[in-house]
Visitor: 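This is the structure, below, for whatever I ask next.
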Amino acid sequence: QVFISNDEGKSFEKISLDNEYGLWSDPPVFFDEKGSAYYFHLSGTTKGNSSDRIVCQVKERKEKAFKVVNTIAQTTTKFACNERPIAIYNYNKKEIYLTYVVFDAYGSQNPADSTRLYFTKSTDYGQNWSTPIKLSSIAGDCSDMDKSVQGATVTFNNNNELFVAW
């Protein structure tokens, strides 16, 4: 649930985030230069306990509800899942940057299963996304512990150079 105030916090309105893809965890939120709110979250509609995509929802300043704009990074195998989406907005370039982790099989102890970190961006307010770039040259395991690749943070500087750390 989201609570929004249009009077500097004197009162709040509850807004539902329900959508056809389901509503899971790890929600980065930001605003663009037009005042639109962006809400990213994991979704698990087809595989039970694995998050099979990242959903981008937007609430434009004058609208009452969040709308699904796009889904990103949909996994294609039964056990693979996406985790830890981190999204930010570059006001200078009007671009959205998103990092996320793909698990071959979440929680697996099999050494053949791994985690990898990806980056993608949108130049049209989340309508379309670039082909994901794999950032991690060394894969982690799928245990979701210390040896898994996760916890990336993305930012940019005054020269619009991008930085991702994990």
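Quick caveat: nothing in here was measured; it's all calculated off a predicted structure.
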Visitor: Do K94 and T123 touch side chain to side chain, with heavy atoms closer than 4.5 Å?
Guide: no
Visitor: Does D146, at its CG atom, have more than 12 non-hydrogen atoms belonging to other residues, nucleotides or ligands within less than 6.0 Å?
Guide: no
Visitor: Quick one: are F66 and N19 in side-chain contact, heavy atoms under 4.5 Å?
Guide: no
Visitor: Closest approach of Y97 and K121, non-hydrogen atoms and distance?
Guide: CD2-CB, 3.8 Å
Visitor: Verify the cluster assignment for F30 and Y91: are they in a single hydrophobic cluster under the rule of side-chain heavy atoms below 4.5 Å apart?
Guide: yes
Visitor: Can you check whether K59 reaches I4 side chain to side chain, under 4.5 Å on heavy atoms?
Guide: yes
Visitor: How far apart are the C-alpha atoms of V164 and L117, what are their side-chain angles, what is the distance that settles it, and do they pass the side-chain contact (heavy atoms from CB on, under 4.5 Å) test?
Guide: CA-CA 10 Å; V164 179; L117 175 66; 4.2 Å; yes
Visitor: Would you mind listing the cluster partners of F12? Hydrophobic ones only (ILVMFWY), side-chain contacts under 4.5 Å, chaining allowed.
Guide: F3
Visitor: Is there a side-chain contact between Y125 and V58 in this structure, where contact means two heavy atoms from C-beta onward sitting under 4.5 Å apart?
Guide: no
Visitor: If you measure from OG1 on T99 to CD1 on I133, what distance do you get to the nearest 0.5 Å?
Guide: 12.0 Å
Visitor: Show the nearest heavy-atom pair for residues A105 and D113, with the distance to one decimal.
Guide: CB-OD2, 3.6 Å
Visitor: A152 and W166: which non-hydrogen atoms are nearest, and at how many Å?
Guide: CA-CB, 3.7 Å
Visitor: Return the SG to CG distance between C56 and L98, rounded to the nearest 0.5 Å.
Guide: 8.5 Å
Visitor: Is Q150 close to D144 at the side-chain level, that is, under 4.5 Å between some pair of heavy atoms?
Guide: yes
Visitor: Quick check: closest heavy atoms across V149 and V101, and the distance to 0.1 Å?
Guide: O-CG1, 3.1 Å
Visitor: Which heavy-atom pair separates S148 from F103 by the least distance, and what is that distance?
Guide: OG-CE2, 4.2 Å
Visitor: Check for me whether K93 meets the cation-pi criterion with F156, that is, NZ or CZ under 6.0 Å from the six-membered ring centre and within 45 degrees of the ring axis.
Guide: no
Visitor: Who pairs with N160 by side-chain hydrogen bond (donor to acceptor under 3.5 Å, both in side chains), at least two apart in sequence or on another chain?
Guide: N90, N92
Visitor: When clusters are formed by joining ILVMFWY residues with side-chain heavy atoms under 4.5 Å apart, either directly or through shared neighbours, do I138 and L135 land in the same one?
Guide: no
Visitor: Please examine the side chains of E60 and K34, heavy atoms only from C-beta on, and report whether any two atoms are closer than 4.5 Å.
Guide: no
Visitor: Supply the atom-to-atom distance I54 CD1 to L42 CG, rounded to the nearest 0.5 angstrom.
Guide: 6.0 Å
Visitor: Show the nearest heavy-atom pair for residues S143 and Q109, with the distance to one decimal.
Guide: CB-NE2, 3.9 Å
Visitor: Do the ring planes of Y38 and Y89 sit parallel (below 30°), tilted (30 to 60°) or perpendicular (above 60°)?
Guide: parallel
Visitor: Would N70 and Q127 satisfy side-chain contact (heavy atoms from CB on, under 4.5 Å), going step by step from the backbone distance to the final call?
Guide: CA-CA 6 Å; N70 206 336; Q127 297 293 320; 5.6 Å; no
Visitor: Hey, does V102 have a side-chain heavy atom less than 4.5 Å from the side chain of T115?
Guide: no
Visitor: Distance from N128 atom CG to S122 atom OG, nearest 0.5 Å?
Guide: 6.5 Å
